[in-house]
Amino acid sequence: MSASSAPDRFETARLEKLNKIVDLGVDPYGQRFDDHLPIAEARRRAPGEPGIIGDEVRVAGRILRWPKTGKLQFVHIQDATGRIQLMMSKADLSDEQWTLISALDLGDVVGVDGKLRRTNTGEITVFVERLTILCKSLAQPPEKFHGAKDIELLLRHREVDLIYNEGVLERLLLRSRIVDSVRQTLRSKAFVEVETPVLHAIAGGAAARPFHTHHNALDIPLFLRIALELHLKRLMVGGVERVYELGRVFRNEGIDATHNPEFTMLEAYQAYGNYESMMDLTEAVISDAVRTVLTARAMAAGDAVADAPPADDGRLTLPWGEGTIDFTPPWPRRKYADLFQEHVGCDISDAAAVQTAAASHGIEWANVHPDVVVSEVFEACCEQHLTGPVFVIDYPAAICPLTKRKTGDPRFAERFELYVEGMELANAYTELNDPRLQEELFRTQLAGLPDEESMAKMDHDFISALKVGMPPAGGLGIGIDRLVMLLTNTRTIRDVIFFPLLRPERVAPRGGGGAAESP
RNA sequence: GAAGGCGUAGCUCAGUCGGUAGAGCAACGGACUUUUAAUCCGUAGGUCCUGGGUUCAAGUCCCAGCGCCUUCACCA
């Protein structure tokens, strides 16, 4: 498990076999291996019954299971598309090949040529005529039946998790397909993908604590971005009318089942639109992604039960825990104030009643802006009821410093959040394009928020861009990791990220563990 | 950042009241030409997370530290 160079007894045993392979004049780390079939494709070509000799095929993969049974060996290998059994008979192979086989272990990568057949028990099998070692593995695989279970081990050595635990690779590959789908939907609507700076002099566009870094040559402090918003709006000023970025943002906050310090955000901006245009866009992006997942699931099922067409009732329904989520659009649009009235039992403008509700949930309200109190009461009382998908629309203006006020009612901002299963999945608004109001909102610090966490940070480059003139526009943000969680029935964000952040393992404790004195 | 739980062989896990460190799988040697967690015989494998303490004796009790998990706080 450790990165130590001292081989353990398992590695030593494998090194001995590696040397045995070298003694045969064979490269234990292999060479280019052309024209092999994906295992799933080889399985499709297999004959239907035992006794029929099928196609000659070439496949490659990692050895996963190997009950060693004398002069007739059955080995199971796996590639990205599936698993297949190999049968190796001493009588059919040269002495050199049999020696090579005796030097193989679980975890080695091999390629084989042979004919597809079924065994007496009906299992699809390649009857090996020639075996090629492509990589000798020096690591001991986990227990064959229970697999690796220790969460820390799986996260620190994700490659082991990917190889030996079923469904892990599939889920993460499905993430890639979902991201493809999001890009395709946006492209089909003429949105242009761009890349804006990750290193910011001012980390703006959201309320979050940033990561600090430093540029040596310029000798200036820099921050990793916490949002994509401000640069993308400047591009809209510059004439990129439909623009999006799908990229990593970084927030220096706590870590839990739904938060990783770096996560993937989609932000899309549409000139001449508003928050209602963004609701339509959100429905399109997400329902297309749901269709992608349904298609992938149908294909996986079709592979197992041979070309049965997927049952299609026209609904976009995906499993979630014991139940399901129905993503079939259109999704309901509920006013923030109405939901507040419904679940809290008072009007958001009734300050006394809101304070009472806040106090009963242990929420601080003295010297806090009334809209911030409303927002915290909403989160405490309403969010868990929003199983959704549901658009919550028209937020209290003071908690939306980058949002245009509602025409005729400046108490509210033209903002929506999309909730699914109590999780905030998307956040969007009609963008504020009045530079003087924007500057004023930046100057008016939000009550109760320390400066570093405030959304109201003055970005002069952004204000001067707004002075050039940004057309009216809608803007949308979707947390891609959470979208993937909801679409793949996954409860923790670390299972939709290949390498979630962990505290580094301490190497070489050098004696005095906790006894280290401080200066 | 706070509270609770966990940490024993490569892996999955037992370990009673404080009294010689255990099993299965994997590994190594042997038998075996249709296995499906193959089977059978044999061998080897331990910093019980780390460091202190109590005790005749600590995997077990106490203190401190490290890591992970869960819940909470911050946040999306």
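Numbered from 1 within each chain, the chains take letters A, B, ... in sequence-line order. Computed from heavy atoms alone, side chains included, the values below leave out hydrogens, waters and symmetry copies.
Taking atom C1' on both nucleotides, B:U39 is separated from B:G22 by 24 Å, rounded to a whole Å. Taking the C1' atom of each, B:U34 and B:U43 are spaced 30 Å apart, rounded to whole Å. B:U55 sits 38 Å from B:U12 when the P atoms are compared, rounded to a whole Å. Comparing B:C74 with B:A21, their C1' atoms sit 45 Å apart, to the nearest whole Å. One P atom belongs to B:U60, the other to B:G24, and the distance between them is 25 Å to the nearest Å. Rounded to a whole angstrom, the distance from the C1' atom of B:U54 to that of B:C61 is 8 Å. Taking atom P on both B:U47 and B:U8, the two are 12 Å apart, rounded to the nearest angstrom. To the nearest whole angstrom, the two P atoms, one in B:C66 and one in B:G30, are 49 Å apart.
Here B:A76 presents its P atom at 7 Å from CD of A:Glu424, a figure rounded to the nearest Å. One interatomic measurement links the two molecules: CD of A:Glu376 to C1' of B:C74, which rounds to 11 Å at whole-angstrom precision. Per the geometry, CG belonging to A:Leu153 stands 15 Å off C1' belonging to B:C13, to the nearest Å. Between A:Phe145 atom CZ and B:G24 atom P the separation is 16 Å, expressed in whole Å. When rounded to the nearest whole Å, the span between CG of A:Leu154 and P of B:C11 equals 11 Å. In this structure, CD of A:Glu379 is placed 15 Å from C1' of B:C72, rounded to the nearest angstrom. Regarding A:Ile255, its CD1 atom lies at a distance of 16 Å from the P atom of B:A76, rounded to whole Å. Distance, A:Arg83 CZ to B:A37 P: 12 Å, rounded to whole Å.
In the displayed structure, A:Lys335 atom NZ is contacted under 6.0 Å by at most 12 heavy atoms of other residues, nucleotides or ligands. Other residues, nucleotides and ligands contribute at most 12 non-hydrogen atoms within 6.0 Å of the CG atom of A:Asp95. Shown here is A:Arg130, whose CZ atom has no more than 12 heavy atoms of other residues, nucleotides or ligands within 6.0 Å.
Pairing for B:G1 is with B:C72, a Watson-Crick or G-U wobble pair whose two hydrogen-bonding atom distances lie under 3.5 Å. In this structure, B:C17 forms no base pair with any nucleotide, since neither Watson-Crick nor G-U wobble geometry is met with both distances under 3.5 Å. Under the Watson-Crick or G-U wobble criterion, with both distances below 3.5 Å, B:U43 is paired with B:A27. Base pairing of B:U50 is made with B:A64, judged by Watson-Crick or G-U wobble geometry with both donor-acceptor distances under 3.5 Å. In this structure B:U34 sits in no base pair that meets the Watson-Crick or G-U test at under 3.5 Å.
Remark: the A:Asp256 side chain and the B:C69 base include no donor-acceptor N/O pair separated by less than 3.5 Å. Residue A:Thr119 places a side-chain atom within donor-acceptor reach of the base of B:U35, judged by atom type and a 3.5 Å distance cut-off alone.
As judged by a 4.0 angstrom heavy-atom cut-off over every strand, A:Pro67 is placed among the base-contacting residues. Counting any heavy atom pair closer than 4.0 Å across all strands shown, A:Glu152 reaches sugar-phosphate atoms only and no base atom. Counting non-hydrogen atoms under 4.0 angstrom, A:Gly479 reaches nothing in the nucleic acid. At a threshold of 4.0 angstrom between heavy atoms, the contacts of A:Thr258 include nucleobase atoms, whether or not backbone atoms are also involved. Residue contacts shown for A:Gly477 are absent, as no nucleic acid heavy atom lies under 4.0 Å away. At the heavy-atom level, A:Asn260 lies under 4.0 Å from base atoms of the strands shown. Using a 4.0 Å heavy-atom cutoff across all strands shown, A:Ala91 reaches at least one base atom of the nucleic acid.
Considering only heavy atoms from C-beta on, A:Tyr429 stays 4.5 Å or farther from A:Glu414 through its side chain. Using a 4.5 Å cut-off on side-chain heavy atoms (C-beta onward), A:Leu266 and A:Leu186 make contact. Contact annotation: the side chain of A:Tyr244 never approaches that of A:Leu228 to less than 4.5 Å [non-hydrogen atoms, C-beta and beyond]. Proximity of A:Phe327 to A:Ile286: side-chain heavy atoms (C-beta onward) are separated by under 4.5 Å at one or more points. Looking at heavy atoms from C-beta onward, A:Val57 lies in side-chain contact with A:Val126 at the 4.5 angstrom threshold.
Scanning all heavy atoms of the two residues, the minimum distance from A:Trp320 to A:Leu486 falls at CZ3-CA, 3.7 Å. What you find for A:Arg415 and A:Tyr275 is that their closest heavy atoms are N-CD1, 3.5 Å.
Looking at the side chain of A:Lys144, the nearest of the listed nucleotides B:A37, B:U12, B:U34 is B:A37. Nearest nucleotide to the A:Glu253 side chain, out of B:U34, B:C74, B:C11: B:C74. The nucleotide whose nearest atom lies closest to any side-chain atom of A:Leu72 is, among B:U12, B:U35, B:U33, B:U33. Listed nucleotides B:U35, B:U70, B:U12 differ in distance to A:Lys149; the shortest reach to its side chain belongs to B:U12. You'll find that the side chain of A:Ile151 is closest to B:C69, out of B:U35, B:C69, B:C74.
Each of A:Ala148 and A:Ser89 has a nearest nucleotide on RNA chain B; the 5'-most of these lies closest to A:Ala148. For the pair A:Arg117 and A:Arg251, both in contact range of RNA chain B, the more 5′-proximal nearest nucleotide belongs to A:Arg117.
Looking at A:Glu193 and A:Arg183, a side-chain N of the basic residue comes within less than 4.0 Å of a carboxylate O on the acidic one, giving a salt bridge. Using a 4.0 Å cut-off between a side-chain N of Lys or Arg and a carboxylate O of Asp or Glu, A:Glu16 and A:Lys20 do not qualify as a salt bridge.
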Might you list the N or O atoms of the protein lying below 3.5 Å from N or O atoms in nucleotides 43-48 of chain B, with each pair's distance?
unit_1: B:G45; atom_1: O2'; unit_2: A:Arg9; atom_2: NE; d: 2.6
unit_1: B:G45; atom_1: O2'; unit_2: A:Arg9; atom_2: NH1; d: 3.3
unit_1: B:G45; atom_1: O2'; unit_2: A:Arg9; atom_2: NH2; d: 2.7

Could you write out each protein N or O paired with an N or O of nucleotides 28-32 of chain B at a distance under 3.5 Å?
unit_1: B:C28; atom_1: OP1; unit_2: A:Lys17; atom_2: NZ; d: 2.5
unit_1: B:C32; atom_1: N3; unit_2: A:Gly70; atom_2: N; d: 3.2
unit_1: B:C32; atom_1: N4; unit_2: A:Gly70; atom_2: N; d: 3.3

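Proximity of residues 493-502 of chain A to RNA chain B (heavy atom under 4.0 angstrom from any strand atom) is restricted to A:Arg494, A:Leu502.
The only member of A:Glu245, A:Glu431, A:Met278 that meets side chain to side chain contact (heavy atoms under 4.5 Å, CB included) when paired with A:Tyr269 is A:Glu431. Of the residues A:Arg65, A:Arg83, A:Arg62, the one that meets the side-chain hydrogen bond (donor to acceptor under 3.5 Å, both in side chains) test with A:Gln78 is A:Arg83.
At least one test fails for A:Arg158 against the ring of A:Phe499: distance under 6.0 Å to the centre or angle within 45° of the axis.
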